[in-house]
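All remarks here apply to the structure that follows.
Note that this is a predicted model, so its numbers are computed, not measured.
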Amino acid sequence: MSDFSTLGLSEAMLRSLEHSNFTEATPIQRETIPALLAGRDMIGVAQTGSGKTAAFVIPLLEKLAMYENRAEAHMPRALILAPTRELALQTTDRIKELSTGMKASCCTIYGGAPYRTQTHILRRGVDILISTPGRLLDHMKRGNIFLDQVEYFVLDEADRMLDLGFIDDVRKINSKITNKHQAIMFSATLSDAIGQLKSTLLNDPAQVDVSTSTTVADNLDHWVMHVPGHQKKELLQYLIETEEPSKSIVFVRTRRDADEIASYMESLGLKAEAIHGDKPQKLRQRTINGFRNGVFDYLVATDVAARGIDVKDISHVFNFDVPVEAESYVHRIGRTARGGASGRAFTLCGKNEFRLIRAIEAIVGETLEVIEDHPYRMTTAKKASFAPRKRPAVAGRKSTGPAKKKTKGKRAEFFADRPPSERRQKAGAAAGKPGSTKPNKNKGKPKFAREEGRADARPFRTDGPRQRSSEGESRPNRDARPNRDDRPSRVDRPSRDDRPKREDRPQRADARPNRDSRPNRDDRPNRDDRPSRDDARRGAAGKPTGKFSGKPGAKNRNPGQSSKPGRPGRPDKPGNTKSAGRPVKGKRLGSGPKRGGKVGGNQPLKRR
């Protein structure tokens with residue numbers, strides 16, 4: 001029997017563990033399971049892949065086995081919050097695996113899935129609810145979930161929850177749990193923000209920290225490789241050919257890079273697939289299942305899926321881009337070397353990513369080993385140019401490095417022995433400076449005043465500025481223009497009354513006739529004397545002409561006369577008010593009323 005028997009578990013739970021091939025407990029499981037069975041609040045810190053999920057799922061199932069009746073509708077007994085959909089589904093799979101032969105129902109709700117299916121499951125009542133914070137709050141607003149009977153509250157991957165900005169949602173959800181409950185927090189790293197959240201959610205918790213000083217598993221080897229940014233794809237291909245991984249993950253920074261790298265690997269004949277946040281949840285889950293079942297060997301993912309991928313036998317992890325958040329590096333390489341197996345991780349570092357490596361080394365607690373022996377390495381000269389440049393020595397400031405060689409003297413020393421020019425002497429004399437050759441005669445005068453009789457004084461223009469027209473001739477200046485007083489007075493100007501009248505004005509040859517020359521309305525023929533419409537249809541011989549001639553195919557406006565030969569008119573056609581007979585009202589003649597119309601009334605027939 002495994003060492004789980006010493007942790008105080010029931011026989012049913014031990015049989016379920018044996019059926020799931022759990023033969024030996026991890027350090028985090030040995031420390032947390034007895035304390036959780038005793039009912040204490042807890043915060044656990046352990047490395048990624050150390051078995052944190054089973055550490056809180058096993059005592060949870062052990063407690064729920066004591067209930068004989070099913071949970072009430074919309075009121076779960078245990079609540080587990082996960083930061084991402086993938087992590088929520090991973091927790092659900094582990095619960096289903098460990099609850100073999102036990103009566104414990106669970107439900108997973110997350111964004112991107114239809115509300116109707118989730119609401120139907122919640123209406124039947126579930127013991128364990130695994131959810132993301134956003135979708136849980138949506139169901140609570142709809143009245144589908146009530147947290148009055150929650151006795152077991154778990155916050156998984158608390159550090160990632162804070163990084164994604166769910167701190168306010170977590171506190172709001174915790175305030176809705178009014179029942180006395182047991183609260184548990186698990187995280188891969190322990191920061192100051194985690195400590196503040198611990199004081200809010202937990203009550204006198206037991207802290208279990210089994211993480212090492214390096215926060216990286218001992219059976220995981222990881223290196224850094226310096227490479228120019230435009231040669232990262234070639235280096236990735238070189239690593240795949242030399243390492244020959246059985247199953248590996250390639251982490252990138254953006255969604256666009258994920259699709260691009262997956263297409264590049266497929267062009268090399270490799271079975272690869274991309275997963276990121278832009279893809280629907282069904283497609284993302286199908287991709288993870290295909291990767292787990294061996295449909296393809298390479299998975300290109302972003303940081304969204306870094307903590308939600310729980311796949312066994314991952315031998316290699318390739319960081320195509322250095323993660324911006326140093327904590328994400330630990331969770332990226334933590335996808336390999338899980339469950340006691342060994343793993344290898346390679347990080348491709350470009351020119352502008354050296355500072356990110358320094359931040360990762362501060363989190364990991366060790367200096368990352370650099371591999372220089374590869375065909376796409378950077379030269380020493382290029383790497384030396386990345387170091388911060390030292391400021392040159394300047395007078396009055398301490399030097400941070402060797403001063404540059406002086407090629408020229410200072411500006412003051414350069415002009416010290418230079419004799420002053422004649423222009424500078426004149427300027428000095430005008431300003432009255434000592435050493436000038438001429439006295440300042442304009443002292444006390446306005447700035448632009450001119451001294452009369454001065455030889456070098458510039459005379460003012462009395463005729464104003466001259467302007468050239470487009471033809472090249474100069475326009476007269478303002479003084480040469482006629483004065484305003486020389487213009488004729490308003491009395492001498494021609495008045496509007498002096499203009500000739502309309503009748504006396506000469507008319508053009510093509511002008512319209514005047515209104516007075518048009519025929520008067522009274523001179524028009526009377527209505528009775530005008531030709532009628534019937535006379536207009538008949539010619540001089542009294543026969544129909546033109547389009548009213550009754551020829552085959554011609555239009556006939558007479559309702560009693562057919563437009564086709566050999567067919568009499570239909571004066572009793574329904575809706576024809578101009579027919580010779582009386583219009584027919586009521587139901588249509590045919591199979592029934594017209595679609596969309598009313599029964600009865602004047603409705604024309606449609607020929608079919």
Side-chain angles (χ1 to χ4, degrees), residues 48-49 53 82-97 106-114 117-118 130-132 134-135 156-157 160 164 232-233 236-237 239-240 243-321 323 328-329 331-339 341 343 345-346:
T48 301
T53 305
T84 61
R85 313 171 192 175
E86 287 77 17
L87 190 59
L89 293 172
Q90 172 186 335
T91 305
T92 303
D93 296 339
R94 185 53 52 89
I95 291 175
K96 291 180 180 180
E97 180 183 2
C106 64
C107 173
T108 309
I109 59 175
Y110 47 83
T117 305
Q118 298 175 357
I130 306 101
S131 174
T132 54
R135 181 52 67 95
D156 194 12
E157 298 289 355
R160 183 61 174 170
L164 296 178
K232 282 189 175 183
K233 292 182 180 180
L236 178 62
Q237 179 182 358
L239 289 174
I240 292 175
E243 292 290 329
E244 297 182 355
S246 59
K247 188 177 293 186
S248 64
I249 303 179
V250 180
F251 284 105
V252 296
R253 187 174 300 164
T254 63
R255 305 167 185 175
R256 181 178 180 179
D257 291 343
D259 295 332
E260 183 179 350
I261 297 302
S263 301
Y264 173 75
M265 297 179 69
E266 289 180 353
S267 65
L268 300 177
L270 304 174
K271 297 180 180 179
E273 189 70 26
I275 178 174
H276 49 75
D278 276 352
K279 293 193 174 183
Q281 180 59 33
K282 288 185 178 180
L283 183 58
R284 291 164 63 179
Q285 189 60 30
R286 190 185 309 156
T287 302
I288 293 178
N289 292 336
F291 181 61
R292 183 181 291 111
N293 298 330
V295 177
F296 45 87
D297 302 328
Y298 299 92
L299 182 66
V300 186
T302 57
D303 286 332
V304 174
R307 301 194 185 189
I309 302 176
D310 185 16
V311 180
K312 298 180 180 179
D313 303 332
I314 296 179
S315 60
H316 290 72
V317 169
F318 301 101
N319 290 321
F320 190 83
D321 296 313
S328 299
Y329 177 81
H331 299 284
R332 281 187 178 187
I333 64 177
R335 298 306 100 191
T336 183
R338 302 177 69 89
F346 297 88

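In this structure a side-chain-to-backbone donor-acceptor pair under 3.5 Å is present from R135 to A113.
Taking 4.0 Å as the cut-off between side-chain N and carboxylate O, R253 and D303 do not count as a salt-bridged pair.
With rounding to the nearest 0.5 angstrom, the CG atom of L268 is 10.0 Å from the NZ atom of K233. T108 OG1 to Q90 CD: the interatomic distance, rounded to the nearest 0.5 Å, is 12.0 Å. Separation of atoms CZ (R160) and OG (S328) is listed at 5.0 Å; rounding is to 0.5 Å. With values rounded to the nearest 0.5 angstrom, I275 atom CD1 is found 7.5 Å from T302 atom OG1.
A donor-acceptor contact under 3.5 angstrom links the side chains of N289 and R292, judged on distance only. Side-chain polar atoms of Q237 and Y264 form a donor-acceptor pair below 3.5 angstrom. Under 3.5 Å, the side chains of Q285 and R85 contain no donor-acceptor pair of N or O atoms. Side-chain contact check for T53 and T91: no donor-acceptor pair (N or O, by modelled atom type) lies under 3.5 Å.
Summarising the geometry of A272 relative to M265, their closest heavy-atom pair is CB-CB, 3.9 Å, with the distance given to 0.1 Å.
Applying the salt bridge (charged side-chain N to carboxylate O under 4.0 Å, His left out) definition to pairs two or more places apart or across chains, those involving residues 269-283 are R255-D278, E273-K279.
A heavy-atom distance below 4.5 Å is not found between the side chains of D297 and F291.
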